[in-house]
Amino acid sequence: MPRISVIVPVLREPHIEAFLNRLFARFGAAISEVIIVDGASCGGTIASVKGPKVTTLVAPEGRGPQMNAGARASRGDILVFLHADTRLPDGAFDRIRETLSTRRYVAGAFTLRFAGDKKSFALISRAAGLRCRLTGIPYGDQAIFMTRSCFSRMGGYREIPVMEDIELMRRIRKKGGRIRILPEAVITSPRRWEKEGVIYSLVRTWLLATLFLCGVSPRRLLKHYRPERFNPD
């Protein structure tokens with residue numbers, strides 16, 4: 001049976017222990033290892049994290065560098081890139097193995113749903129689903145997974161400030177790789193969307209992704225995508 005490595009990039013994540021407890025309670029037997037990669041040089045998030053299947057390390061801040069570091073440290077045949085505020089559906093790892101075992105697909109992701117029952121969250125989920133159907137390209141919060149051989153062949157994530165997920169998925173498709181969007185949904189936290197405004201966040205995300213696909217550099221997009229991370233120097 002293919003071994004699965006779960007790679008989790010974090011930065012000042014306050015709920016990492018609850019995330020790990022929930023993940024192992026539901027999927028412990030299906031996971032070979034979980035690698036938590038802290039983007040803070042002090043390693044604050046991972047200071048108290050431990051477990052027999054858990055590896056922790058520090059990497060330069062940025063999901064691209066962090067996920068690449070986690071992949072290099074991993075031993076699995078399948079890599080799952082999971083955000084700490086995302087919950088996987090029942091049977092998630094069985095579905096991942098089934099999808100990649102056919103060799104028709106080299107990568108995939110789940111459908112996106114947001115936690116909570118607000119109508120605005122349902123709107124975002126439908127919009128995200130429409131975008132995926134139109135482009136065939138998932139975002140990182142949809143729990144992207146792929147074979148190790150595909151990840152290695154692609155050279156991993158580009159170490160760019162934002163849009164590293166879209167960039168890699170687009171590169172895979174350009175090389176002829178097939179990406180499967182599974183109908184089962186991950187449930188992700190809407191905390192950032194709530195903080196910044198749901199409609200504003202939705203329009204901004206679509207606009208910035210479109211600009212990126214049209215050739216605008218990730219560096220120029222960063223100050224609009226995550227203003228708190230922008231440093232003009």
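If you're wondering where the values come from, they're calculated on a predicted model, not measured in any experiment.
- Annotation: the span from R103 atom CZ to T147 atom OG1 amounts to 9.0 Å, rounded to 0.5 Å.
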Inset, instruction - Begin from the C-alpha positions of R3 and D77 and carry the test salt bridge (charged side-chain N to carboxylate O under 4.0 Å, His left out) through to its verdict. - result: CA-CA 5 Å; R3 297 170 299 172; D77 308 297; 3.6 Å; yes

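- Both the sub-6.0 Å distance and the 45° axial angle are satisfied by R170 relative to the ring of F212.
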Legend entry - Stepwise side-chain contact (heavy atoms from CB on, under 4.5 Å) test for L82 and F19: CA-CA 11 Å; L82 182 62; F19 161 81; 3.6 Å; yes

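- Residues F145 and L79 have side chains not in contact (no heavy-atom distance under 4.5 Å, counting atoms from C-beta outward).
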Legend entry - Intermediate values then yes/no, side-chain contact (heavy atoms from CB on, under 4.5 Å), F110 and I181: CA-CA 5 Å; F110 292 88; I181 309 297; over 6 Å; no

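- The six-membered or imidazole ring of F81 lies near that of F151, with a centre-to-centre distance under 6.0 Å.
- The number of heavy atoms from other shown groups lying within 6.0 Å of CZ (R95) is above 12.
- Residues K50 and V54 are not in side-chain contact: their nearest non-hydrogen atoms beyond the backbone lie 4.5 Å or more apart.
- Grouping the Ile, Leu, Val, Met, Phe, Trp and Tyr side chains by contacts below 4.5 angstrom, directly or via other members, places I144 with M154.
- Remark: the backbone N or O of E17 is not paired with any side-chain donor or acceptor of R22 at under 3.5 angstrom.
- Within 6.0 Å of the CZ atom in R75, the count of heavy atoms belonging to other residues, nucleotides or ligands does not exceed 12.
- Side-chain atoms of S5 and E33 include a donor-acceptor pair closer than 3.5 Å.
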Inset, instruction - Starting from the C-alpha separation in whole Å, work towards a yes-or-no answer on salt bridge (charged side-chain N to carboxylate O under 4.0 Å, His left out) for D90 and R26. - result: CA-CA 8 Å; D90 291 340; R26 296 181 64 202; 2.6 Å; yes

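- The side-chain heavy atoms of I46 and I16, taken from C-beta on, include no pair separated by under 4.5 Å.
- Under the 4.5 Å side-chain contact rule for hydrophobic residues, L211 and L168 share a cluster.
- A donor-acceptor contact closer than 3.5 angstrom is absent between the side chains of S189 and R87.
- When all heavy atoms of V106 and G177 are compared, the pair lying nearest together is CG2-CA, 4.0 Å.
- With hydrogens and angles disregarded, no donor-acceptor distance shorter than 3.5 Å links the side chain of Q142 to the backbone of V186.
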